[in-house]
Amino acid sequence: MVAINRPNRDALAKAIDIFRDEMRPFLIESLNRTPGLEAEEAMRQSLQLEHQTIDFDRNLKQNSDLESAIDVNQFPLLVERHWQDVFSSRFKGDQTIVGELRIIREARNKVYHPSTSDLELKYALKRLSHIAYVLGKADSHEGKKSVERIRSALNRQSVPRSYVGSEGSLNLERPRYKDSSGVNEISKRPSTRHRARAQAKSKIEARMKKESEVGKSENAKKIVIFAALSAALGFVSYLGRKARSGDSDQH
């Protein structure tokens, strides 16, 4: 059976590995600041279910160090349990961190328990943003940059190759078309600025045409009125001449 290609899942898995490696020492160092407790005891207080304690003890026995005994699944528990006494100050009061850690935990489970298809690109990009955000809040600037590079690379892979330049950046030039002779020529499709100018010019011409038509209509009305007045004056003059002619005949 051919292995299923999962580039989105693979990118997210790589970022989660970075996240785990960067957050483990940060969490242990923070828990060592817990008043009256050492890091191991503070961690045990955070474990809520029996199987979590069993997993923690097994990992601690196998690896002999606290960092290796915790994984992404335990991160939200540790931070939430010791928020007030340790992590509120470490994350500068940003209470969204626990929610972010839960989202990353859910992403970790999707990555390591994949379905028969790849993760959606939109999902992977969003989760990569969550991971980079938390790493930045934990002052892991190198880890954040690494995840951001993974996100940028994955995003570029989703863009058609014709739109990617030689340096890996988006090629924003308009595509080229062929004329009837088969020779390539630059697209005659107008740019946004040219389209705006053309639309403005079209509106002005339409307005001028309308005003011209209105002007012609007004002139036509004036001509009709003038003709009517002229006819009326002519008729009045005719009546006047006829009246004078009648008076002359009587004399």
Side-chain angles (χ1 to χ4, degrees), residues 1-31 39-40 42-83 87 91 96-158:
M1 180 178 178
V2 179
I4 299 174
N5 187 29
R6 297 185 177 94
N8 302 334
R9 180 265 180 195
D10 294 342
L12 188 52
K14 186 175 180 180
I16 288 175
D17 287 344
I18 295 172
F19 177 73
R20 180 191 299 105
D21 293 340
E22 292 293 314
M23 291 297 293
R24 276 173 167 172
F26 171 82
L27 293 172
I28 298 301
E29 191 272 332
S30 298
L31 290 172
E40 182 176 345
M43 293 167 69
R44 290 185 181 280
Q45 287 187 2
S46 304
L47 304 178
Q48 300 171 344
L49 302 176
E50 182 179 359
H51 74 85
Q52 294 173 346
T53 302
I54 293 173
D55 291 341
F56 175 75
D57 288 334
R58 182 181 65 249
N59 293 337
L60 186 59
K61 183 177 180 179
Q62 291 176 348
N63 299 286
S64 300
D65 67 281
L66 287 176
E67 289 185 13
S68 300
I70 57 173
D71 200 352
V72 177
N73 283 335
Q74 287 85 42
F75 292 176
L77 300 174
L78 297 174
V79 173
E80 185 175 23
R81 175 66 177 80
H82 297 282
W83 177 259
F87 290 105
F91 287 110
T96 66
I97 290 297
V98 174
E100 297 285 334
L101 291 172
R102 289 172 179 167
I103 290 172
I104 297 170
R105 177 177 62 187
E106 177 259 345
R108 180 264 181 201
N109 292 336
K110 280 183 175 291
V111 162
Y112 291 103
H113 300 88
S115 66
T116 56
S117 60
D118 194 12
L119 297 174
E120 291 185 2
L121 175 63
K122 184 177 180 181
Y123 176 87
L125 292 175
K126 284 186 175 181
R127 297 305 174 264
L128 289 169
S129 295
H130 288 297
I131 293 171
Y133 177 80
V134 175
L135 288 174
K137 288 293 184 177
D139 293 328
S140 176
H141 302 298
E142 288 302 318
K144 179 183 179 183
K145 290 179 181 178
S146 297
V147 173
E148 287 174 341
R149 285 194 291 268
I150 293 172
R151 189 184 189 282
S152 297
L154 181 62
N155 201 23
R156 284 199 299 270
Q157 290 175 13
S158 68

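For reference, positions follow the sequence shown, starting with 1.
- The main-chain N or O of Ser46 is never found under 3.5 Å from a side-chain atom of Arg81 such that the two would form a donor-acceptor pair.
- Ring pair Phe26/Phe87 is tilted by interplanar angle, where 30° to 60° counts as tilted.
- Contact annotation: the side chain of Gln45 approaches that of His82 to within less than 4.5 Å [non-hydrogen atoms, C-beta and beyond].
- For Arg20, the salt bridge (charged side-chain N to carboxylate O under 4.0 Å, His left out) partners two or more places apart in sequence, or in a different chain, are Asp17, Asp71.
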Next on the checklist: One pair to check against salt bridge (charged side-chain N to carboxylate O under 4.0 Å, His left out): Glu106 and Arg127. What are the steps and the verdict?
Outcome noted: CA-CA 10 Å; Glu106 177 259 345; Arg127 297 305 174 264; 3.7 Å; yes
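- Rounding to the nearest 0.5 Å places NZ of Lys145 at 10.5 Å from OG of Ser140.
- Contact of the Phe19 side chain with the Val72 side chain is registered, since non-hydrogen atoms from C-beta on lie closer than 4.5 Å.
- Here the OH-OG1 distance, from Tyr133 to Thr96, works out to 4.0 Å after rounding to the nearest 0.5 Å.
- How far CG of Leu12 is from NE2 of His130: 10.5 Å, rounded to the nearest 0.5 Å.
- Contact record, Leu78 with Met43: CD2-CA, 3.8 Å, taken as the closest heavy-atom pair.
- Expressed to the nearest 0.5 Å, how far CD1 of Ile150 lies from CG of Asn155 amounts to 13.5 Å.
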Next on the checklist: side-chain contact (heavy atoms from CB on, under 4.5 Å), that's the test. Do Glu80 and Arg102 meet it? Break it down for me.
Outcome noted: CA-CA 10 Å; Glu80 185 175 23; Arg102 289 172 179 167; 2.9 Å; yes
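- A heavy-atom distance below 4.5 Å is found between the side chains of Arg44 and Phe56.
- Nearest heavy atoms, Leu31 versus Ala42: CD2-CB, 4.1 Å.
- Listed by first then second residue, pairs satisfying side chain to side chain donor-acceptor pair (under 3.5 Å) with a partner in residues 4-15 read Asn8-Asp118, not counting sequence neighbours.
- A side-chain hydrogen bond (donor to acceptor under 3.5 Å, both in side chains) with Ser129 is found for one member of Glu148, Glu100, Arg151 and no other, namely Arg151.
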Checklist entry - Between Phe91 and Val79, is a side-chain contact (heavy atoms from CB on, under 4.5 Å) present by the stated rule, with each step listed? => result CA-CA 10 Å; Phe91 287 110; Val79 173; 4.3 Å; yes
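- Heavy atoms only, all atoms of each residue included: Ala138 and Met23 are closest at CB-SD, 3.9 Å.
- Gln74 pairs with exactly one of Asn59, Leu47, Leu27, Leu101 by the side chain to side chain contact (heavy atoms under 4.5 Å, CB included) rule, that one being Leu47.
- Atoms CG and OG, from Leu135 and Ser146 in turn, are 9.0 Å apart once rounded to the nearest 0.5 Å.
- For the atom pair Ile18 CD1 and Lys144 NZ, the distance stands at 14.0 Å (nearest 0.5 Å).
- Nearest heavy atoms, Pro76 versus Arg105: CG-NH1, 4.0 Å.
- Shown here for Ile16 and Arg108, the closest heavy-atom pair between the two residues is CD1-CA, 3.5 Å.
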